[in-house]
2 protein chains.
Amino acid sequence: MDKVEYNLDQVDLQILRIMQQNARTNNADVARELGMAPSAILERVKKLEQKNVLLEYNARVNPEALDQKMLSFIFIKSHDNIGDQRIGLLLAEIPEVLEVHDIAGDDGYLIKVRTSDSGGLVDLMRNTLSQIDGIVSTRTTIVLETVKEDHKLVIP
Amino acid sequence: MDKVEYNLDQVDLQILRIMQQNARTNNADVARELGMAPSAILERVKKLEQKNVLLEYNARVNPEALDQKMLSFIFIKSHDNIGDQRIGLLLAEIPEVLEVHDIAGDDGYLIKVRTSDSGGLVDLMRNTLSQIDGIVSTRTTIVLETVKEDHKLVIP
DNA sequence: CATGAAATAATAATTTC
DNA sequence: GAAATTATTATTTCATG
């Protein structure tokens, strides 16, 4: 594993704070807020992108507007050997599967899934998950209501 | 609960697709890609924001760069009565807690937490979670490796 | 990291379909 | 009513100090 040095100073952290809050903030506004020249900010943002500190810019779309109201977490027990990620990679290919985490404990994955409704979830499990060879069992947790869903990291 | 009509046409869905992929795509580029006038796109984007279809624009920051390498999911059993969300709201206030979901089954929440390391997780549980009155028990699942973490919805 | 000039984009008003 | 055009203002970008 490559040890990477990020070396972020206070200005970098402030840029991250602003961009995490609103990724569409234009460069001139960031510069104004930080009391610096726009060109200096632009250069830093590009460096942050190059250094893989700023990964991507997403618009968050209301799942309800796309009729994807149902959210579930599924624990998947697998036969993957330690270090192997075959099943994890297959799970990651499913568009409805938003997250795949390799978890400690009894060899398995935790996945986060969005479907239109319980029918969509059943379909996914019957038609897609069941096709993956090596899945031993699944345990599904259904979300009734999401109180917070936000991916903003704590910036020191 | 207000029943909202979103009424998205193909152009709207394409805009969402582009913005979900890269929220910093400028208006002129979206217009070019869709073969429409910039003003028409701008108006649609504003309407999508007003209608709460486009919720917000986030920059995804590399957790490693901010020394937040540890990810955990914690199941929290609570004494919240049905419909009550006191504990959920308290959990949502904790900055390290990125998601709080009210889950079906045995009265509780599933939360997603990012900390620097296992020490940070222990601190959070000892100093913050333990202060919340009404939490009966917790069960923690530790993520060894994230294979996919992406919040792009499936757009029809 | 700042400056300044040229290229490009955003925005608002107006017109057209 | 939605989209295109136009004109004005603002921002990005890049060479240079």
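Proteins get letters first, then strands, A, B, ... in listed order; numbering begins at 1 in each.
- Not one side-chain nitrogen or oxygen of B/K47 sits closer than 4.0 Å to the OP1 or OP2 atom of D/dG1.
- The separation between B/Q10 atom CD and D/dA2 atom P is 17 Å, rounded to whole Å.
- Nearest to the side-chain atoms of B/A28 among the listed nucleotides D/dC14, D/dT12, C/dA10 stands C/dA10.
- Atom NZ of B/K152 has more than 12 neighbouring heavy atoms from other residues, nucleotides or ligands inside a 6.0 Å radius.
- Here C/dC1 presents its C1' atom at 8 Å from CD of A/E43, a figure rounded to the nearest Å.
- To the nearest 0.5 Å, atoms CD (A/E96) and OG1 (A/T128) are separated by 6.5 Å.
- Rounded to an integer number of Å, the gap from CD1 of B/I41 to P of C/dA9 is 15 Å.
- Atoms CG (B/L34) and C1' (D/dA4) sit 15 Å apart, rounded to a whole Å.
- The side chain of B/N27 sits closest to C/dA10 out of D/dT12, C/dA10, C/dA2.
- Counting heavy atoms from C-beta on, the side chains of B/L42 and B/K46 come closer than 4.5 Å.
- Under a cut-off of 6.0 angstrom, the local environment of CG in B/D133 is sparse, with at most 12 non-hydrogen atoms contributed by other residues, nucleotides or ligands.
- Nucleotide C/dT14 holds its P atom 17 Å from the CG atom of B/L42, rounded to whole Å.
- Looking only at atom types and distance, the side chain of A/E99 has a donor-acceptor partner in the side chain of B/H151 under 3.5 Å away.
- Among the nucleotides D/dT11, D/dA3, C/dA12, the one closest to the side chain of B/R44 is D/dA3.
- Here C/dA2 is the nucleotide among D/dC14, C/dA2, C/dA9 with the atom lying nearest to any side-chain atom of A/A40.
- Atom CD1 of B/I15 and atom P of D/dA3 are 9 Å apart (whole Å).
- The separation between B/D12 atom CG and D/dA3 atom C1' is 14 Å, rounded to whole Å.
- Per the geometry, CG belonging to A/N26 stands 14 Å off C1' belonging to D/dT13, to the nearest Å.
- B/A37 comes within contact range of at least one nucleobase, with a heavy-atom separation under 4.0 Å.
- Across the interface with DNA chain C, nearest-nucleotide mapping of A/R24 and A/P38 shows A/P38 to be the residue nearer the 5′ end.
- Interface remark: the A/S39 side chain does not form any donor-acceptor pair with the D/dT12 base, using a distance-only criterion of under 3.5 Å.
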